[in-house]
Amino acid sequence: MRVTVYGGRRLFGEIAVDGAKNAALPLLAATVLTDDEVILENVPDVGDVRTMIALLESVGKRVLLLEPGVYSIRTERELVGTPPEELVRRLRASFLLLGPLMARHGSSQLPLPGGCPIGVRPVDLHLKGLRALGAELSSQGGSWGARAERLHPAEIHLDYPSVGATEQIMMTAALIPGRTVISNPAQDPEVHDLARLLIKMGAGIMIEPGRLQVEGAKKLSGAVHTVIPDRINAGTFLIAGAIAGGDVTVTRCQPLHLEALLSKLDELGITVHEHVESVRVISDGPGSFVGGRVEARPYPGFPTDLQPQMMALLSVARGSSIIKETVWESRFAHAAELVRMGAQIRLEGSTALIEGVAGLSGAEVSVNDVRAGAALVLAGLIAEGATVVIDRDEHIRRGYRDLVGDLNRLGAAIIEETLTVEGSVTAETR
Ligand code: EPZ
């Protein structure tokens with residue numbers, strides 16, 4: 001995909017946010033815990049979700065699209081414990097299937113999806129939890145096998161509040177009668193959303209600060225569940241309004257999930273109005289707000305998935321800023337691309353030091369991961385001339401249904417073109 005952004009246009013209007021990709025993925029994985037029909041609503045139409053649906057079909061689930069965003073999932077044939085490697089490798093979150101498939105089928109086998117542009121992505125906390133629940137784990141040739149020899153409830157402490165490990169352990173424990181306790185679990189809204197589905201399916205789950213308790217059941221049943229709004233996409237559009245200048249309202253979102261971002265934008269001197277299910281941002285664009293300090297931390301800290309977008313914003317703030325990334329060990333690849341556009345950024349380990357500049361200049365930049373792609377498009381909104389964002393692996397489409405179309409509907413001037421294998425281009429203006 002090649003995205004050409006013509007800078008200098010302010011953004012005005014409303015944008016409704018889709019369901020959260022990072023909630024939909026574990027919710028889809030949880031459907032393997034029952035043969036009954038599970039209906040999921042407000043499922044976002046993004047690449048990662050399509051891959052997870054293909055994975056479910058490959059292990060024996062029937063997935064029906066009832067209407068846009070509404071899927072019916074139920075078991076169609078005997079579940080298979082080993083999804084195809086080429087699908088697993090496409091999606092990091094496929095690892096969430098290891099425990100649930102093992103608990104339902106008796107055994108499962110999943111190749112490690114490998115590292116990705118933001119870090120090694122270890123799974124040691126996932127494995128520690130499954131072992132504690134009695135799973136027999138074995139690894140051969142880069143893939144992990146799990147056998148449900150004698151599953152039993154357990155008390156598990158997570159050295160780090162890993163989102164994926166919390167979800168993996170919670171889903172598996174939901175099918176193990178008895179009380180499992182996870183201490184130091186992730187507290188993200190997406191974890192709470194998964195807990196709500198598991199409760200509807202028949203598990204007992206209680207989450208309090210620092211502790212997550214699961215009362216597992218021998219059998220789980222079907223349910224109907226609506227995916228929460230995507231706080232990261234909502235935050236991306238709010239930062240777009242802040243950087244470009246104008247007056248943007250993001251609707252169908254949950255401001256409560258955005259507190260860290262909203263208070264940071266306010267601290268920078270950007271006008272933010274919170275309503276029950278919408279947030280409005282009013283800004284005069286580059287140079288109209290001051291720099292500040294951002295520290296990406298586990299929820300409810302500032303979300304790491306909005307760190308690249310904030311780096312674009314702070315590049316054109318008045319004064320200097322500091323960004324500290326404490327979640328991923330290498331999530332600054334977008335810094336070099338912003339520097340190509342004239343940003344003044346210096347990296348020191350997991351800290352980025354930014355000197356605000358009056359403006360950026362269009363350049364050809366490349367996309368490293370889904371949120372870096374969004375950040376570079378946002379930088380293009382205010383760059384002089386045209387910014388060509390090359391996204392060969394279509395990272396942006398993995399997390400955003402139609403980032404270009406949505407920004408154009410707010411007044412941006414962006415052309416999206418599909419890059420064929422030879423690199424030629426078919427224009428596709430939205
Ligand atoms: C989820 O990834 C999100 N993905 C990520 O969003 C997000 O950046 C991340 O949480 C942090 O908020 C989905 O939900 C599908 P983690 P996850 O396990 O679960 C270390 C996006 O852009 N760790 O909380 O993989 C790990 O190295 C993506 O949508 C271990 O050490 O994140 C990292 O430093 C990018 N051992 C930290 O924890 C483990 O077993 C956070 O990882 C697992 C993780």
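We count residues from 1, following the sequence as given. Remember, it's 1-based here, ligands and their atoms both numbered in the order they're listed.
For the pairing with K21, the salt bridge (Lys or Arg N to Asp or Glu O under 4.0 Å) check across D48, D230, D45 returns one residue only, D48.
Inter-residue side-chain proximity for L353 and I345 is flagged as unmet; no heavy-atom pair is nearer than 4.5 Å.
Near V327, meaning under 4.0 Å from any of its heavy atoms, are these atoms of ligand 1: 33 (C), 34 (O), 37 (C), 41 (C). Residue contact check: H126 has heavy atoms under 4.0 Å from atoms 40 (O) of ligand 1. Atom numbering of ligand 1 starts at 1 in the shown order; those under 4.0 Å from a heavy atom of N22 are 3 (C), 4 (N), 6 (O), 13 (C), 14 (O), 15 (C), 21 (C), 29 (O). Proximity to V123 (heavy-atom distance under 4.0 Å) selects the following atoms of ligand 1: 39 (C), 40 (O). Every atom of ligand 1 with a heavy atom of V370 under 4.0 Å away is listed here by number and element: 22 (O). Near T304, the atoms of ligand 1 lying under 4.0 angstrom from a non-hydrogen atom of the residue are 8 (O), 11 (C), 12 (O). Ligand-side atoms of ligand 1 in range of I118: 35 (C), range being under 4.0 angstrom from any heavy atom.
With Y160, F95, W328 as candidates, the residue nearest to atom 9 (C) of ligand 1 on a non-hydrogen basis is W328. Heavy-atom proximity to atom 18 (O) of ligand 1, evaluated over P298, S162, S94, is greatest for S162.
The heavy-atom pair separating V377 from V5 by the smallest distance is O-CG1, 4.0 Å. Closest of all the heavy-atom pairs between A260 and P303 is CB-CD, 4.3 Å.
Using 4.0 Å as the threshold, L96 has no heavy atom nearer than that to any atom of ligand 1. Heavy-atom separations between P122 and ligand 1 include at least one value shorter than 4.0 Å. No heavy atom of R297 sits closer than 4.0 Å to any atom of ligand 1. Close to ligand 1: K21, with a non-hydrogen atom less than 4.0 angstrom away.
A donor-acceptor pair shorter than 3.5 Å cannot be found between the side chains of T82 and Q109. Side-chain contact check for H257 and Q254: at least one donor-acceptor pair (N or O, by modelled atom type) lies under 3.5 Å. No side-chain donor from either of H395 and N368 sits under 3.5 Å from a side-chain acceptor of the other. Counting only N and O atoms by type, the side chains of T249 and E14 include no donor and acceptor under 3.5 Å apart.
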Task: Test log, rule side-chain hydrogen bond (donor to acceptor under 3.5 Å, both in side chains), inputs T304 and E325 - done: CA-CA 7 Å; T304 172; E325 171 59 63; 3.0 Å; yes

Open item on the list: Between I73 and R62, is the side chain to side chain contact (heavy atoms under 4.5 Å, CB included) condition met? List the steps.
Closed with: CA-CA 6 Å; I73 303 120; R62 184 205 67 172; over 6 Å; no

TODO: Begin from the C-alpha positions of R371 and Y400 and carry the test side-chain hydrogen bond (donor to acceptor under 3.5 Å, both in side chains) through to its verdict.
DONE: CA-CA 9 Å; R371 308 304 172 183; Y400 296 88; 3.1 Å; yes

Open item on the list: One pair to check against side-chain hydrogen bond (donor to acceptor under 3.5 Å, both in side chains): K61 and T31. What are the steps and the verdict?
Closed with: CA-CA 9 Å; K61 300 298 268 186; T31 63; 4.8 Å; no

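Considering backbone and side-chain atoms alike, E167 places every N or O at 3.5 Å or more from each N or O of ligand 1. Some N or O of G164 is nearer than 3.5 Å to an N or O of ligand 1, by distance alone. Considering backbone and side-chain N/O of A93, none are found under 3.5 Å from N/O of ligand 1.
In terms of protein heavy-atom proximity, atom 5 (C) of ligand 1 is nearest to D305 OD2, 3.7 Å. At the shortest separation from atom 24 (O) of ligand 1 among protein heavy atoms lies V163 N, 2.8 Å. Counting protein heavy atoms only, atom 22 (O) of ligand 1 is closest to R371 NE, 3.0 Å. In this structure, the protein non-hydrogen atom closest to atom 40 (O) of ligand 1 is L125 N, 2.7 Å. With hydrogens left out, the protein atom closest to atom 36 (N) of ligand 1 is D124 OD1, 2.7 Å, a heavy atom. Atom 2 (O) of ligand 1 has as its closest protein heavy atom R121 NH2, 3.7 Å.
The backbone N or O of I156 sits nowhere less than 3.5 Å from a side-chain atom of K128 that would complete a donor-acceptor pair. With hydrogens and angles ignored, the 3.5 Å screen pairs a side-chain donor or acceptor of T51 with a backbone N or O of G47.
Under 4.0 angstrom from ligand 1, the non-hydrogen atoms of R331 all belong to its side chain.
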